[in-house]
There are 2 protein chains.
Amino acid sequence: MSPRTKQQFETIREGRKDQIMQVALELFANEGINTPISKIAKEAGISKGLMYNYFESKDELLREVALSGMKEIFDLFDPNHDGVLTDEEFVYFISETFRLLEKNREYWKLYFSMVLHPKVMELIQAEMMEMLPGLMAVQVKYFASKGSKDPETDAMFFNSMMDGIGMNYVNNPDLFNLDKIKNRIIEIFTKNL
Amino acid sequence: MSPRTKQQFETIREGRKDQIMQVALELFANEGINTPISKIAKEAGISKGLMYNYFESKDELLREVALSGMKEIFDLFDPNHDGVLTDEEFVYFISETFRLLEKNREYWKLYFSMVLHPKVMELIQAEMMEMLPGLMAVQVKYFASKGSKDPETDAMFFNSMMDGIGMNYVNNPDLFNLDKIKNRIIEIFTKNL
DNA sequence: TATCTTTGACCGATCGTTCAGTCATAAATA
DNA sequence: TATTTATGACTGAACGATCGGTCAAAGATA
């Protein structure tokens with residue numbers, strides 16, 4: 001095997017971090033954010049001490065796991081980053097959100113349980129406040145173009161609704177027919193408001 | 001003071017329990033459910049040991065606090081318990097929910113953060129499963145009377161939406177104009193579906 | 001005095017974090 | 001190339017702190 005550059009080492013290191021974060025995510029989701037570092041390490045196949053080579057502290061691990069989840073959903077909006085939402089992009093966002101929800105339920109279970117935890121909220125609040133305004137602006141523009149008299153309220157309403165549906169679905173998937181609810185949402189929000 | 005009957009002692013005891021639960025609620029809400037028993041006791045002005053006269057364990061305290069919050073919101077529905085929702089009762093439920101949300105934000109902050117916590121969910125799942133079907137039945141009947149083609153989905157949708165709005169409001173009250181959103185909800189759900 | 005209430009020191013368990021030391025491998029040297 | 005040196009990934013015992021829960025004893029009450 002040829003010698004590796006620093007760059008390549010860094011890539012390998014990042015890959016390992018991702019693997020640990022994946023394990024941490026699942027454990028946090030199913031056993032709460034109090035899952036011991038030792039358990040995460042064991043599940044990831046490394047020693048407890050090594051965890052501290054990859055993450056400064058448990059809080060830092062929590063923060064990174066929480067943020068990676070946030071970014072995934074935020075990136076769904078305005079996929080080509082032109083600041084404008086077409087009808088197609090809006091429906092795509094809704095569909096894609098629901099697809100992610102179904103595909104990786106454990107993941108989002110953690111996401112909701114973490115995001116509401118006072119301690120985790122503090123850890124990620126700064127980054128959240130950076131992401132929110134841009135997202136809202138795109139939505140407000142969209143709802144305004146649909147004839148909404150109060151696009152800010154409609155955007156707030158829409159986001160809250162999506163949160164509530166996601167939260168309920170991941171915690172009680174048996175009670176949910178996600179497809180029907182998806183169609184209901186699209187019906188309400190893509191017609192002229 | 002006149003001698004007290006067993007009944008009266010029981011009433012006093014319940015009152016003290018309520019007071020402790022109120023303190024526990026606020027601490028759980030603001031510092032997470034890992035707040036130590038000792039801290040709750042100190043805040044309530046009693047010793048740690050005495051906590052175990054009122055509550056069998058910390059889990060039991062958690063369970064009771066979580067359930068008392070649930071019951072409060074569940075009782076808002078169908079106030080006269082006749083199994084039928086009028087338009088007035090439906091609007092009353094929405095308004096009252098929002099009033100409670102504004103009046104006792106800390107309380108609901110805890111509620112949402114607790115209800116999503118895996119451990120707490122286990123503790124209260126049995127009772128939740130008892131309450132849910134009755135609540136749903138009343139709502140389904142209501143939405144059906146409003147001409148909904150799929151009242152089950154609409155009820156699910158409605159409840160999830162309310163959860164999402166409540167969750168977002170208690171965590172970010174500054175970003176929310178609750179009145180506007182309330183009117184939007186009433187507008188959507190009381191017209192013929 | 002007899003009974004009930006309340007206290008807080010104490011215990012065992014668990015957790016996050018540290019760190020001295022090991023070892024495989026990369027880099028330097030001869 | 002062969003040998004030595006340097007690196008840093010990795011381990012796990014150990015530490016200090018914290019927690020839920022217990023209990024003997026003090027205090028209050030009747």
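Numbered from 1 within each chain, the chains take letters A, B, ... in sequence-line order.
- No more than 12 heavy atoms of other residues, nucleotides or ligands shown are found within 6.0 angstrom of CD on A/Glu56.
- No donor-acceptor contact under 3.5 Å links the side chain of A/Lys48 to the base of D/dT11.
- With A/Ser68 as the partner, the side chain to side chain contact (heavy atoms under 4.5 Å, CB included) test is satisfied by one option alone out of A/Met21, A/Gln22, A/Arg63: A/Met21.
- Here the P atom of nucleotide C/dT14 and the NZ atom of A/Lys39 are 12 Å apart, to the nearest Å.
- Side chains of A/Asn168 and B/Asp163: a donor-acceptor N/O pair is present below 3.5 angstrom, by distance only.
- A salt bridge links B/Arg184 with B/Glu187: at least one charged nitrogen is closer than 4.0 Å to a carboxylate oxygen.
- Closest to the A/Ile37 side chain, of the nucleotides D/dT22, C/dG8, C/dG16, is C/dG16.
- Across all strands shown, A/Tyr54 has heavy atoms under 4.0 Å from sugar-phosphate atoms exclusively, and none from any base.
- At whole-Å resolution of the value, CG in A/Leu61 and C1' in C/dC15 are 15 Å apart.
- The interatomic distance linking B/Leu27 (CG) with D/dG20 (P) rounds to 12 Å, in whole Å.
- Atom CG of A/Asn53 and atom P of D/dT7 are 16 Å apart (whole Å).
- Across the protein-nucleic acid pair, B/Glu60 atom CD and D/dG20 atom P stand 15 Å apart, rounded to whole Å.
- The nearest whole Å value for the distance from the CZ atom in B/Phe55 to the P atom in D/dT22 is 16 Å.
- Of the candidate nucleotides C/dT6, D/dG20, D/dT11, D/dG20 has the atom nearest to the side chain of B/Pro36.
- Along DNA chain C, the nucleotide closest to A/Asp59 and the one closest to B/Arg16 are compared, and the more 5′ of them pairs with B/Arg16.
- Computed from coordinates, the A/Leu62 CG to C/dC15 C1' distance equals 14 Å when rounded to whole Å.
- You'll find that the side chain of B/Leu50 is closest to C/dT6, out of D/dC19, C/dT6, D/dT11.
- The aromatic ring centres of A/Phe158 and A/Phe90 sit less than 6.0 Å apart.
- Here D/dG12 presents its C1' atom at 12 Å from NZ of A/Lys42, a figure rounded to the nearest Å.
- If you check C/dG16, D/dG12, D/dA9 against the side chain of A/Tyr52, the one that comes closest is C/dG16.
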